[in-house]
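See below for the structure under consideration.
Keep in mind the model is a prediction, meaning the values are calculated, not measured. We number each residue from 1, following the sequence as shown.
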Amino acid sequence: MAACTSSVAAILFTSCNPNPKPKFPHHSSAKPSSYPHLHLRRHNSFPVSATTAATGGALPETEEIDFDREKPREECGVVGILGHPDAAQLCSLALHALQHRGQEGAGIAASDLSSIRSATGLGLVSEVFGQSRSPLSLPGSAAIGHVRYSTAGAASALHNVQPFLASCRFGQLAVAHNGNLVNYPSLRASLEDQGSIFSTTSDTEAILHLIATSKSGPFLSRVAEACAAIRGAYSLLFLTVDKLLAVRDPYGFRPLVLGRLPRDNGAQPAVVFASETCALDLIGAKYEREVEPGEAVIVDARTLEISSACLMPSKPRKACVFELIYFALPQSIVFGRPVHEARHSFGATLAAESPAPGADVVIPVPDSGFFAALGFAKLSGLPFQQGLIRSHYVGRTFIQPSQEIRDLGVKLKLSPVRGILEGKSVVVVDDSIVRGTTSKKIVNLLRDAGAREVHMRIASPPIIGSCYYGVDTARPEELVSNRLDIEGVRKEIGADSLAFLSLDSLKGLLGDEAPTFCDACFTRDYPVHPGELVEAKSKEPLYIN
């Protein structure tokens, strides 16, 4: 589909069944609230660990050893399935494929054409929807799902786990959101001045309030009116009792793809939406295309008919380049590009412009540095080895804030292979450096394992700006490349040499599409001014060393 250029104003769309009489088996008996107060239902919500249960859903006040804090963190992943009798179960499986996009909470909302039920919880998908909490409890042929990270500096909170399920005067509505609204603070204040009552601290709830308080009749017009009021990044999935709606912001910051899931006995293929194609692959769905920036794709639950509308005129596309560098899984196709090929080319180009003469071996920082290291090794003619082994069985570990114990924390996730490293000049390839703390620990780890020299190569430009479009990044003061030049960063992490992929090279690899990618984390050139969120981020806790 071509980029959206027209308005939705003249588009007619059947609204949700007015004044429904939903049934709520296994849920509260509260009735839908009246305008303008939106009632968010937290059906079947549960903390999933003794730790979070004992603290009322908050994390304990001890030091968190989290290797991934050093990386920018994608805050969400979304899945939507319509036209399959096991929609919630398939949704759960697809969320497993998107677990890398959010590991602090998960949820599913499902419709059986008469009512919507939802279940949410803290923890991994396997914890939230384990044997004792099966998605079988969510019957229906339509479902949306969500995985999330909490915002920087905030404790995990059950009430912020999506999908959000609301009862409005026009019926039930569930929503799952990947992105971030830069005008959320003023938007929430305005809605509260008008009488809206918020139940969460998530910007997604503001979208629900805008839809609930809209004076428009047709549902799509309500969504269009809400999207006209919000600014920032959003890939949204809405579920009513009889429709599934996918919406992407006019800049296309965050990915959202459309696929079809073949069914037996000649039944119509189910329709699937997901943040990445890896979710389609896991459940056997076939990738068709991206949801275009500014587009709304509507699927009718009874007929499986798909219609498309230009919800708002699209802007020049500004897809997040970090999806290719780090966020997306290598087997995914994101923004039309195979992720593993992009990372391999980043590493090869890095080797061409910043070789490491005299090096003996190239190793990746697992897992995201793997394909970049392969590219670096191939072009440089050096052997590629797995010199660091990552443990995938260690979750967050909370320890007392002893510096000596904190310094050992990286070994919970990464173990050096001494036989590969001892006496060698090692090139270690990573996707990015954010605060520099983990890079410093990795350098020390390699030296302790006997590496003679450690040459750090980074397959992206230096990160000098925070992200405000749905990624949990550090404050500007915490970004080591914002505080120091490359030589200063090298000294900070203790490497023998350090080089980043240049911004010009990155743009060259993206070719004619380079202007269509957001690179604000490397340039501070923000496509949508993040003014309100800059002040909010400045109040977050500071983490430097």
Side-chain angles (χ1 to χ4, degrees), residues 68-76 100-101 149 151-153 178-182 231-235 249 251-255 316-328 334-335 337 339 342-343 346 349-350 365 368-369 372 430-439 457-486 489 498-510 513-534 536-538 540 542-544:
D68 292 320
R69 173 185 260 178
E70 170 65 12
K71 300 293 184 183
R73 300 194 305 185
E74 177 64 73
E75 289 187 18
C76 302
H100 60 288
R101 299 183 76 89
Y149 274 121
T151 54
N178 176 26
N180 204 37
L181 307 183
V182 300
R231 293 190 297 110
Y234 51 90
S235 287
D249 72 74
Y251 290 93
F253 284 110
R254 309 254 66 86
R317 193 189 77 163
K318 289 296 179 181
C320 175
V321 72
F322 238 92
E323 293 282 354
L324 297 176
I325 292 169
Y326 172 70
F327 296 137
V334 173
F335 308 131
R337 293 171 178 258
V339 174
R343 292 177 186 169
F346 297 162
T349 301
L350 178 61
V365 174
S368 55
D430 204 354
D431 59 90
S432 60
I433 295 180
V434 182
R435 295 179 176 89
T437 53
T438 296
S439 298
R457 294 293 181 268
I458 307 301
S460 66
I463 297 175
I464 61 173
S466 298
C467 178
Y468 302 94
Y469 307 132
V471 177
D472 178 11
T473 53
R475 289 168 49 177
E477 304 95 307
E478 302 172 78
L479 300 171
V480 67
S481 293
N482 188 45
R483 296 188 289 112
L484 304 168
D485 61 14
I486 292 179
V489 176
L498 169 67
F500 294 83
L501 180 68
S502 69
L503 183 61
D504 286 343
S505 291
L506 176 62
K507 290 182 176 181
L509 290 167
L510 296 174
E513 288 191 335
T516 72
F517 282 89
C518 176
D519 57 10
C521 51
F522 308 133
T523 64
R524 302 193 198 95
D525 182 12
Y526 294 99
V528 178
H529 193 270
E532 295 180 36
L533 295 189
V534 173
K537 184 171 279 290
S538 70
E540 293 174 358
L542 195 62
Y543 299 98
I544 301 179

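- Here the closest non-hydrogen pair linking A514 and K507 is CB-O, 3.5 Å.
- Formation of a donor-acceptor pair under 3.5 Å by the R343 side chain with backbone atoms of Y326 is found in this model.
- Here the side chains of F346 and S460 are not in contact, with every heavy-atom distance at 4.5 Å or above.
- Atom CD1 of residue I325 and atom CZ of residue F522 lie 3.5 Å apart, to the nearest 0.5 angstrom.
- Take Y251 and apply the ring pair (Phe, Tyr, Trp, His ring centres under 6.0 Å) test, not counting sequence neighbours, and it matches F253.
- No donor-acceptor pair closer than 3.5 Å links the side chain of E323 to the backbone N or O of C320.
- Across every non-hydrogen atom of N180 and G470, the tightest pair is CB-N, 3.1 Å.
- With sequence neighbours left out, the side chain to side chain contact (heavy atoms under 4.5 Å, CB included) criterion links D525 to T523.
- Applying the side chain to side chain donor-acceptor pair (under 3.5 Å) rule to R457 yields the partners S497; only residues at least two apart in sequence or on another chain are considered.
- With hydrogens and angles disregarded, a donor-acceptor distance shorter than 3.5 Å links the side chain of Y469 to the backbone of V528.
- Checked against salt bridge (Lys or Arg N to Asp or Glu O under 4.0 Å), R231 has no partners two or more places apart in sequence or in another chain.
- Of the residues I433, L484, V434, the one that meets the side chain to side chain contact (heavy atoms under 4.5 Å, CB included) test with L479 is V434.
- Remark: S505 engages T349, E353, L501, S502 in a side chain to side chain contact (heavy atoms under 4.5 Å, CB included) (not counting sequence neighbours).
- Here D504 pairs with nothing under the side chain to side chain donor-acceptor pair (under 3.5 Å) rule; sequence neighbours left out.
- Judged by distance alone, the side chain of S466 and the main-chain N or O of A474 form a donor-acceptor pair under 3.5 Å.
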